[in-house]
Amino acid sequence: MTPLGRGTLPELAATVSVPGYDRSEIRTGIVHFGVGGFHRAHQARYLDLLHELGAAREWGICGVGVLPADRRMRDALTGQDCLYTLCVAEGTDAWTPRVVGSIIEYLYAPDDPEAVIEKLAGPDIRIVSLTITEGGYNFVAATGEFDAANPAILADLAPDAVPATVFGLVTAALARRRARGLAPFTIMSCDNIAGNGDVARRTFTAFARLRDPELAEWISRAGAFPNSMVDRITPVTTAPMISELARRYGVDDAWPVLTEPFTQWVLEDRFPLGRPEFERVGVQVVDDVAPYESMKLRLLNGSHQALAYLGHLAGYRLVHDAVADPAFARFVSRYMAAEALPTLPPVPGIDLAAYRRTLLERFGNAAIGDTIARLATDASDRIPKWVLPVVRDQLALGGEIDCAATIIAGWARYCTGIDEQGEPIEIVDPLRERLVAAARAQSDDPVAFLADRELFGDLIDEPRFVAAYRKALDSLLTRGARATVLALAVAADSAVVPAMED
C-alpha cells in the first residue's frame, strides 16, 4: 500500500489517474472556507480539470478551516501535500479514482489567524469561495436578517478581538486590502441557499457595517458576490470506503472522497478581478442563476426532504433502498411533477422531465451509499428554504399540496424522537429541543408543530394547508409512513397528473 503524497505520485500512476501538471508552478488565487467532501468533489475538481488543460496556473486553492472539526482535515491534507483521491462511483464495482491536485495549501485559522488574514489580503487572492453550509451565514431563517446577537459574532466585534469566525477573518482582510489600495476579492458562495451570492453580500456587509460603516459601503460598492447553483451528491467519507480504496488501488489516503458521476455548476459571471475559464470544463456561466437554482432546490433538495423523515420512519437508512421501494419512488415523482414543477419558471437549456428522471436514477445509485441521516440533518434550516416555498406558491396557484403537507407532517412525526418500532431517533438540528417539544405536544394539539411562526410563518393561518397537514399527520400516526406514502403514490397512478410519464 502506497501513502498518498507528492513523492509517491509516480508509483500510484499505475493504478489511478494522477495530476499531469506541475503543482509547483501553480499560484494561489482562490481561498476556500469549508474544505469538506463536497468542495473536493466539485469546485476543486473543476479547477483540477483546468490545470490539466494548462489554463489555471494562477488559480490554485488555499483551503481554510475555522471550526474545531476542521482540525481533522488540516491533519489529513497537510500530511499528504494537500492531495486527495476522488472516486467517482457509477456502480458498486465501478470506481474511477483520480488524485486531485488543485488544493495547494491549507491553513487552520485557530492555529494562526494572522496567517489567514494576510493570505486573504495579498494581491494574488482574487476569489474567496465558501461551502460553510446554510447555517454558516448566520441569518435568522424567518427574517433573513443577520444575527448580530450571536455570541461568536459579538466576540469578533469586540475591540482588539482576534477574529475567529469567517466573517471576522474575511472582514479584517478586506479592511487591510482597502488600506493597501487593493480592490476587494470576489466572494463566491457555493452553498445550497436560494440566492446564495445575495445572502453572502447581505451577511458579510452586515458584519462589516457593525465593525466599520465606511468599510461596509466600500465592500458593497466595489465587491462582487455572484450567485451560483451547485450539484453533486457526495456522502460522508466512511472507514469502509477508505479501506476499499486501499484494497482496490493500493492508495493509503487519510480522507478520500466518494461521489457520483453527475456534476453541475451554474455560475453568474460577476468577477471584477477575473476568474478561471470555468466554461472550458463544463460550468454553465450565465447572466441569471435563479431558474437553475430554483430547479435544483425544489426538485433535488426538496425530494431529499421527501425521502428523509418518511423514509426513516418506514425503516430505511440508505437513500437507494428507499428509492427502490416503488411507493417512495412514485411519491417522490408525484411531488416533483405535480407540486414542485408548477412553481418553477422555464429553465434555459434544461429538459425538466429528463432532469426528474435523472434525479431518481441518481438517488438509486447504491455505490454512493448516501444515508437517510445525512438528508435529515438540520431540517430547520432546510425545510423553510426547500419545501415551504413550494407550499406557498401552490397555495397561491390553487395547486396540489398533499405531498408537501405529508413531507412536513413526516418531519413533525420524526421529531417526536421515537420511530414506528419504538426506537429512539437521533435528531441532529440546532433547534432540536424546541422541535421535539412541539412535535410531542401534538398529542393534545394537532397543529402545535405548525404554530412555530419563526419556521412556518403564516401557514398555520391557511385552512387548506392545515387540513392537508392534519390529514397526513393522522395517517402517519394511525397507518404509518409507508402506507401513507403508498396511498399518495396510488392516487398519482390513478389520477391524471401532469408530466408523470417519467
Side-chain angles (χ1 to χ4, degrees), residues 29-47 59 61-67 70 109 116 120 125-141 144-147 153 165-171 173-174 184-208 216 219-220 222-232 234 263-276 278 283-297 300-301 378 381-382 384-386:
I30 300 172
V31 170
H32 183 82
F33 284 85
V35 180
F38 179 77
H39 168 70
R40 293 186 293 143
H42 193 266
Q43 181 192 340
R45 175 55 175 149
Y46 281 102
L47 267 297
W59 294 111
I61 300 169
C62 172
V64 173
V66 173
L67 302 175
D70 293 330
V116 173
L120 290 163
I125 303 304
R126 291 183 274 167
I127 296 173
V128 170
S129 55
L130 310 165
T131 47
I132 55 177
T133 78
E134 299 90 344
Y137 291 84
N138 190 54
F139 62 88
V140 179
E145 296 300 316
F146 187 72
D147 183 6
I153 296 299
T165 69
V166 63
F167 296 101
L169 293 162
V170 167
T171 304
L174 285 168
F185 39 67
T186 297
I187 295 181
M188 180 177 70
S189 171
C190 296
D191 281 296
N192 281 320
I193 306 172
N196 54 15
D198 299 331
V199 170
R201 174 185 290 277
R202 187 167 64 249
T203 54
F204 277 92
T205 56
F207 180 90
I219 295 169
S220 182
F225 298 79
N227 289 301
S228 69
M229 185 275 268
V230 296
D231 188 7
R232 195 170 206 182
T234 307
T263 182
Q264 188 176 22
W265 190 2
V266 185
L267 181 62
E268 281 182 354
D269 199 1
R270 287 195 279 158
F271 294 83
L273 299 185
R275 61 168 175 81
F278 286 127
V283 179
Q284 295 166 266
V285 180
V286 300
D287 293 329
D288 183 11
V289 168
Y292 304 90
E293 173 185 85
S294 295
M295 174 190 76
K296 192 255 183 173
L297 295 178
L300 185 148
N301 295 114
D378 295 340
D381 273 332
R382 297 175 173 185
K385 300 182 184 76
W386 301 343

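Every value quoted in this text rests on a predicted model; they were computed, and no experiment measured them. Computation of the quantities below employed the complete heavy-atom set of this structure, encompassing side-chain atoms and omitting hydrogens, waters and symmetry-equivalent molecules.
Residue pairs that meet the salt bridge (Lys or Arg N to Asp or Glu O under 4.0 Å) test with at least one member in residues 187-200, sequence neighbours left out, do not exist here.
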| request: Begin from the C-alpha positions of D231 and W265 and carry the test side-chain contact (heavy atoms from CB on, under 4.5 Å) through to its verdict. | output: CA-CA 6 Å; D231 188 7; W265 190 2; over 6 Å; no
| task | For F225 and I219, run side-chain contact (heavy atoms from CB on, under 4.5 Å): C-alpha distance rounded to whole Å, both residues' side-chain angles, the deciding distance at 0.1 Å, then the answer. | result | CA-CA 10 Å; F225 298 79; I219 295 169; 3.9 Å; yes
| request: Assess whether side-chain contact (heavy atoms from CB on, under 4.5 Å) is satisfied between D70 and L67, documenting all intermediate values. | output: CA-CA 5 Å; D70 293 330; L67 302 175; 3.6 Å; yes
| Test side-chain contact (heavy atoms from CB on, under 4.5 Å) applied to F185 and V31, step by step | CA-CA 10 Å; F185 39 67; V31 170; over 6 Å; no
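The side-chain heavy atoms of L120 and V128, taken from C-beta on, include a pair separated by under 4.5 Å. In this structure the side chain of V170 never reaches within 4.5 angstrom of the side chain of F207, judged on heavy atoms. Residues P276 and I127 meet the side-chain proximity criterion, which asks for heavy atoms closer than 4.5 Å. The shortest distance between side-chain heavy atoms of Q43 and M188 falls below 4.5 Å. Inter-residue side-chain proximity for R232 and F38 is flagged as met; some heavy-atom pair is nearer than 4.5 Å. A 4.5 Å side-chain heavy-atom check between V285 and R275 finds at least one atom pair inside the cut-off. T165 places none of its side-chain heavy atoms less than 4.5 Å from the side chain of V66. Within the 4.5 Å cutoff, no side-chain heavy atoms of I153 are placed close to those of D147.
No side-chain donor-acceptor contact under 3.5 Å links R126 to the backbone of T186. For N227 (side chain) and G197 (main-chain N/O), a donor-acceptor pair under 3.5 Å exists by modelled atom type. In this structure, the side chain of R202 does not engage the main chain of E145 through any donor-acceptor pair within 3.5 Å. The backbone N or O of G195 lies less than 3.5 Å from a partner atom in the side chain of E293, making a donor-acceptor pair. In terms of modelled atom types and a separation under 3.5 Å, the side chain of H42 and the main chain of Q264 share a donor-acceptor contact. A donor-acceptor contact shorter than 3.5 Å is absent between the side chain of S189 and the backbone of S228.
Taking the six-membered ring where tryptophan is involved, the planes of F204 and F167 are tilted, since the angle between them lies from 30° to 60°. Below 30°, between 30° and 60°, or above 60°: for F139 and Y137 the angle between ring planes is between 30° and 60°, a tilted geometry.
Between V35 and G63, the closest heavy-atom pair is CG2-CA, 3.5 Å. What you find for C190 and T131 is that their closest heavy atoms are O-CG2, 3.6 Å. For I187 against A200, the heavy-atom pair with the smallest separation is CG2-CB, 4.3 Å. Here the closest heavy-atom approach between residue A44 and residue I61 is recorded as CA-CD1, 3.9 Å. Of all non-hydrogen atoms in W59 and G274, the two that sit nearest each other are CH2-O, 3.5 Å. Heavy atoms only, all atoms of each residue included: W386 and E134 are closest at CZ2-OE2, 3.1 Å.
With hydrogens and angles left out, the side-chain atoms of K385 and N192 include no donor and acceptor closer than 3.5 Å.
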